[in-house]
Amino acid sequence: MNQTDKMNYCEGLRDGVPIALGYLAVAFTLGIAARNFGIHAFPATIMSLTNFTSAGEFAALGIISAGAPYLEMVFSQAIINLRYLLMSCALSQKLPTDTPMFHRFWTGFFITDEIFGVSSSREGKLNPFYTYGAASIAVPGWALGTCLGVILGTALPPRITRALSVALYGMFLAAIIPPARKNRVIAGLVIVSMLASSLFSYLPLLSGISSGMRVIILTVILSGLAAVLFPIKEENEDAE
């Protein structure tokens, strides 16, 4: 690891602290749910260390408790987490062209909604060690929250748990607001995406679509329209 990699890792570590705090609160409720389904602290913690996705893990708990076949688990996780495929594709465009496959794989592996948010908002090309730094504190925070939720159970009142979970949404807003303030196109896309997501939630024909598939559809449509209407010039074109 050279000096540049160390600097990016430390910056990622710094930016990952609020993510870890938000994850700690949200994962606490996941741990409570795991305990209610009869899952002990150790397997629940391992699940969060290897599959850090709130919607996916909550769905997995119900599938496990129902004794459903593994094939159902595979399909449900694939559908719920499809949005990470698009995030990986988008983030790969920020990596330098000479980035080895090893770093591309692990950068994609550590993607969550929030880690993607802070990584994609970096100016210029993305150094993989920045994502590593954010993940190295955010992922343990998610796993620790799950473990504490299983161990402590319902020690905290539900109102306090719900209040703590707001920190995660506040952190995500902190990741998207700065670039939106600098770029009107991004600000417009954020507003349009919120309105479109609300329509998907309330319209009868669209409300039945799963959250993962909803993100896929909106991302493809909105990003495609933005690329056509507001194209970004390539670096080589600017140089010419």
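Positions are given from 1 along the sequence.
Glu123 meets the side-chain hydrogen bond (donor to acceptor under 3.5 Å, both in side chains) test with Lys182; sequence neighbours excluded. By the side-chain hydrogen bond (donor to acceptor under 3.5 Å, both in side chains) test, Glu11 pairs with Arg122, sequence neighbours left out.
For the atom pair CG of Leu148 and CG of Leu24, the computed distance is 6.5 Å after rounding to the nearest 0.5 Å. For the atom pair CG (Leu49) and SG (Cys147), the distance works out to 9.5 Å, reported to the nearest 0.5 Å. One distance of note links CZ of Phe28 with CD1 of Ile151; it measures 9.5 Å at 0.5 Å rounding. Atoms OG1 and CG, from Thr146 and Leu30 in turn, are 4.5 Å apart once rounded to the nearest 0.5 Å. Once rounded to the nearest 0.5 Å, the distance linking NZ of Lys125 with OG1 of Thr97 reads 7.0 Å. Taking CG of Leu61 as the reference point, atom CD of Glu57 lies at 7.5 Å (rounded to 0.5 Å).
Thr53 has its side chain out of reach of Thr112: every pair of non-hydrogen atoms, C-beta onward, lies at least 4.5 Å apart. Using a 4.5 Å heavy-atom threshold, the side chains of His103 and Tyr132 count as touching. Side-chain contact check for Met194 versus Val190: some heavy-atom pair is nearer than 4.5 Å. You'll find the side chain of Trp142 reaches within 4.5 Å of the side chain of Val26, heavy atoms only. The closest side-chain heavy-atom distance from Asp113 to Tyr84 is below 4.5 Å. For the pair Thr45/Val150, no side-chain contact is recorded, criterion being any heavy-atom separation below 4.5 Å from C-beta on.
Tracing side-chain contacts under 4.5 Å through hydrophobic residues (I, L, V, M, F, W, Y), one never reaches Phe110 starting from Met101; they form parts of separate clusters. No continuous path of ILVMFWY side-chain contacts below 4.5 Å connects Val74 to Met47, so the two sit in separate hydrophobic clusters. Grouping the Ile, Leu, Val, Met, Phe, Trp and Tyr side chains by contacts below 4.5 angstrom, directly or via other members, places Phe105 with Leu126. One hydrophobic cluster, built from ILVMFWY side chains closer than 4.5 Å, cannot hold both Ile46 and Tyr70; they sit in different ones. Linking ILVMFWY side-chain heavy atoms closer than 4.5 Å, directly or via other members, places Ile221 and Leu195 in two distinct hydrophobic clusters.
A side-chain donor-acceptor contact under 3.5 Å links Tyr9 and Ser136. Side chains of Thr107 and Thr131: no donor on one and acceptor on the other come within 3.5 Å. With 3.5 Å as the limit, one finds a donor-acceptor pair spanning the side chains of Tyr130 and Asp15.
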Evaluate the side chain to side chain contact (heavy atoms under 4.5 Å, CB included) criterion for residues Arg104 and Leu95: first the C-alpha distance (whole Å), next the side-chain angles of each, then the deciding distance (0.1 Å), finally the verdict.
-> CA-CA 8 Å; Arg104 291 181 180 275; Leu95 294 172; 3.9 Å; yes

Let me see the working for Ile64 and Phe37 under side chain to side chain contact (heavy atoms under 4.5 Å, CB included), right down to the final yes or no.
-> CA-CA 8 Å; Ile64 293 172; Phe37 282 119; over 6 Å; no

Verdict with supporting geometry, Thr4 and Phe129, side chain to side chain contact (heavy atoms under 4.5 Å, CB included) | CA-CA 9 Å; Thr4 302; Phe129 284 89; over 6 Å; no

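Between the Ser119 side chain and the Phe116 main chain, no donor and acceptor come within less than 3.5 Å of each other.
Shortest non-hydrogen contact noted between Ala135 and Pro140 is O-CD, 3.5 Å. The shortest non-hydrogen separation linking Pro128 to Thr99 is CG-CG2, 4.1 Å. Across all their heavy atoms, Leu189 and Ala226 have their closest contact at CD1-CB, 3.6 Å.
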